[in-house]
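These numbers were taken from a predicted model, which means no experiment stands behind them. One is the number of the first residue; the rest follow in order along the sequence.
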Amino acid sequence: MGLRDRLKQGQTAQHQVPRLNTPAAGLVPLSEPRSKGGITVEVYHNLKHELHQKLIEKLDLKTIDQLPREQLLDELRNILAALLAATDLPLNRTERDQMVEELLDEVTGLGPLEPLLRDNTISDILVNTYSTVYIERRGKLELTDVRFRDNEHLTQIINRIVSRVGRRVDDSSPMADARLPDGSRVNAVISPVSLDGPMLTIRKFAADTLGV
């Protein structure tokens with residue numbers, strides 16, 4: 001039975017699909033504010049998007065891959081500190097550091113997918129539109145708190161993946177298959193084939209080679 005089939009089963013029996021709630025899975029539960037009087041997930045993602053745009057303005061993206069990680073991290077911290085100094089958003093040091101790591105993943109990798117790709121206990125990743133991400137771990141399906149900013153953000157990440165094999169997803173070519181550098185298999189589909197928004201499935205290389 002494929003991952004999408006197991007997902008359909010899980011959606012008809014929500015108590016059988018546990019929610020993953022770990023620091024690596026996401027910042028906060030999607031339906032809850034960060035803290036009493038704090039900022040919501042939407043505000044957090046909007047702030048991160050603004051930081052990302054400022055980062056693009058300040059850094060030469062053509063040389064990012066050549067920068068040592070620590071140097072790039074310092075650049076991100078400086079930009080973040082400068083922006084947050086002009087706001088009254090209640091982000092503590094831990095949250096600021098996490099935002100920096102997420103921005104680093106956004107600039108140099110596959111954004112919100114990076115923590116899941118680094119987790120060797122995860123065999124499959126299923127992105128069911130931008131706000132719903134499932135994983136399969138040890139044969140069990142789990143709903144995570146990982147999310148993308150919006151469907152456009154998810155489409156950008158999908159195109160980042162498939163561009164490595166000379167492909168692009170758009171209205172004229174809404175489906176694509178590709179592989180990540182580590183050999184993991186990727187299947188992506190967007191509208192008009194997917195009516196609710198972009199969908200992405202990743203079968204990680206270890207699971208692939210074991211025939212899981």
Side-chain angles (χ1 to χ4, degrees), residues 1-34 38-49 52 98-99 101-103 105-106 109-162 169-171 174-178 180 184-204 207 212:
M1 180 183 295
L3 181 58
R4 291 192 184 280
D5 294 329
R6 290 192 288 274
L7 174 58
K8 290 178 181 178
Q9 286 188 344
Q11 288 175 327
T12 59
Q14 288 293 331
H15 65 281
Q16 295 178 357
V17 184
R19 176 177 290 277
L20 180 65
N21 191 20
T22 65
L27 191 63
V28 291
L30 299 180
S31 60
E32 300 178 9
R34 296 172 57 77
I39 64 175
T40 65
V41 171
E42 286 72 20
V43 172
Y44 178 86
H45 277 274
N46 288 338
L47 174 60
K48 188 169 71 173
H49 179 57
H52 189 203
Q98 181 169 343
M99 182 177 283
E101 289 298 326
E102 291 177 5
L103 279 167
D105 287 339
E106 192 69 38
L110 299 179
L113 295 176
E114 286 294 332
L116 305 182
L117 292 170
R118 289 193 291 263
D119 189 337
N120 292 329
T121 68
I122 295 173
S123 58
D124 293 87
I125 302 169
L126 176 62
V127 183
N128 191 11
T129 73
Y130 78 95
S131 62
T132 308
V133 180
Y134 290 85
I135 63 167
E136 185 168 312
R137 190 199 308 272
R138 303 184 182 92
K140 294 184 178 180
L141 197 63
E142 302 176 28
L143 175 62
T144 77
D145 289 324
V146 173
R147 60 166 294 173
F148 295 79
R149 185 179 66 255
D150 50 31
N151 280 330
E152 181 181 357
H153 182 204
L154 174 54
T155 301
Q156 290 172 353
I157 296 298
I158 290 173
N159 272 312
R160 193 176 299 176
I161 294 172
V162 301
V169 291
D170 52 31
D171 291 344
M175 301 178 65
D177 295 305
L180 297 177
S184 298
R185 291 186 297 173
V186 178
N187 175 263
V189 58
I190 65 170
S191 62
V193 175
S194 176
L195 298 179
D196 296 327
M199 301 182 73
L200 173 69
T201 302
I202 299 176
R203 167 60 61 90
K204 293 176 73 174
V212 175

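Once rounded to the nearest 0.5 Å, the distance linking CG of L103 with CD of Q98 reads 11.0 Å. Atom CD1 of residue I161 and atom CG of residue L113 lie 6.0 Å apart, to the nearest 0.5 angstrom. The distance from the CG atom of L141 to the CG atom of D124 is 9.0 Å, given to the nearest 0.5 Å.
A distance-only check finds no donor-acceptor pair linking the side chain of T121 to the backbone of R137 [under 3.5 Å]. Side chain of T144 to backbone of V133: a donor-acceptor contact under 3.5 angstrom is found.
Among E106, E102, R147, the single residue meeting the side-chain contact (heavy atoms from CB on, under 4.5 Å) criterion with P112 is E106. Considering D196, L143, L126 as possible partners of T132, the one that fulfils the side-chain contact (heavy atoms from CB on, under 4.5 Å) test is L143. Checked against D177 for a side-chain contact (heavy atoms from CB on, under 4.5 Å), the options V186, V162, N187 give a single hit: N187.
When all heavy atoms of P192 and D171 are compared, the pair lying nearest together is CD-O, 4.1 Å. Scanning all heavy atoms of the two residues, the minimum distance from L154 to Y130 falls at CD2-N, 3.8 Å. A188 and L200 make their closest contact through CB-CD1, 3.9 Å (heavy atoms, listed as atom of the first residue, atom of the second, distance). Scanning both residues, M99 and L47, for their nearest heavy atoms gives CE-CD2, 3.7 Å. Residue K204 comes nearest to S184 through the heavy atom pair CA-OG, 3.2 Å, listed as atom of the first residue, atom of the second, then distance. The two residues P174 and S191 have their closest heavy-atom pair at CB-O, 3.8 Å.
Using a 4.5 Å cut-off on side-chain heavy atoms (C-beta onward), I158 and V127 make no contact. The closest side-chain heavy-atom distance from R149 to Q156 is below 4.5 Å. Using a 4.5 Å cut-off on side-chain heavy atoms (C-beta onward), L180 and L110 make contact.
For R118, the salt bridge (Lys or Arg N to Asp or Glu O under 4.0 Å) partners at least two apart in sequence or on another chain are D105, E114. Residues satisfying the side-chain contact (heavy atoms from CB on, under 4.5 Å) criterion with N46, sequence neighbours excluded, are absent altogether. For E152, there are no salt bridge (Lys or Arg N to Asp or Glu O under 4.0 Å) partners at least two apart in sequence or on another chain.
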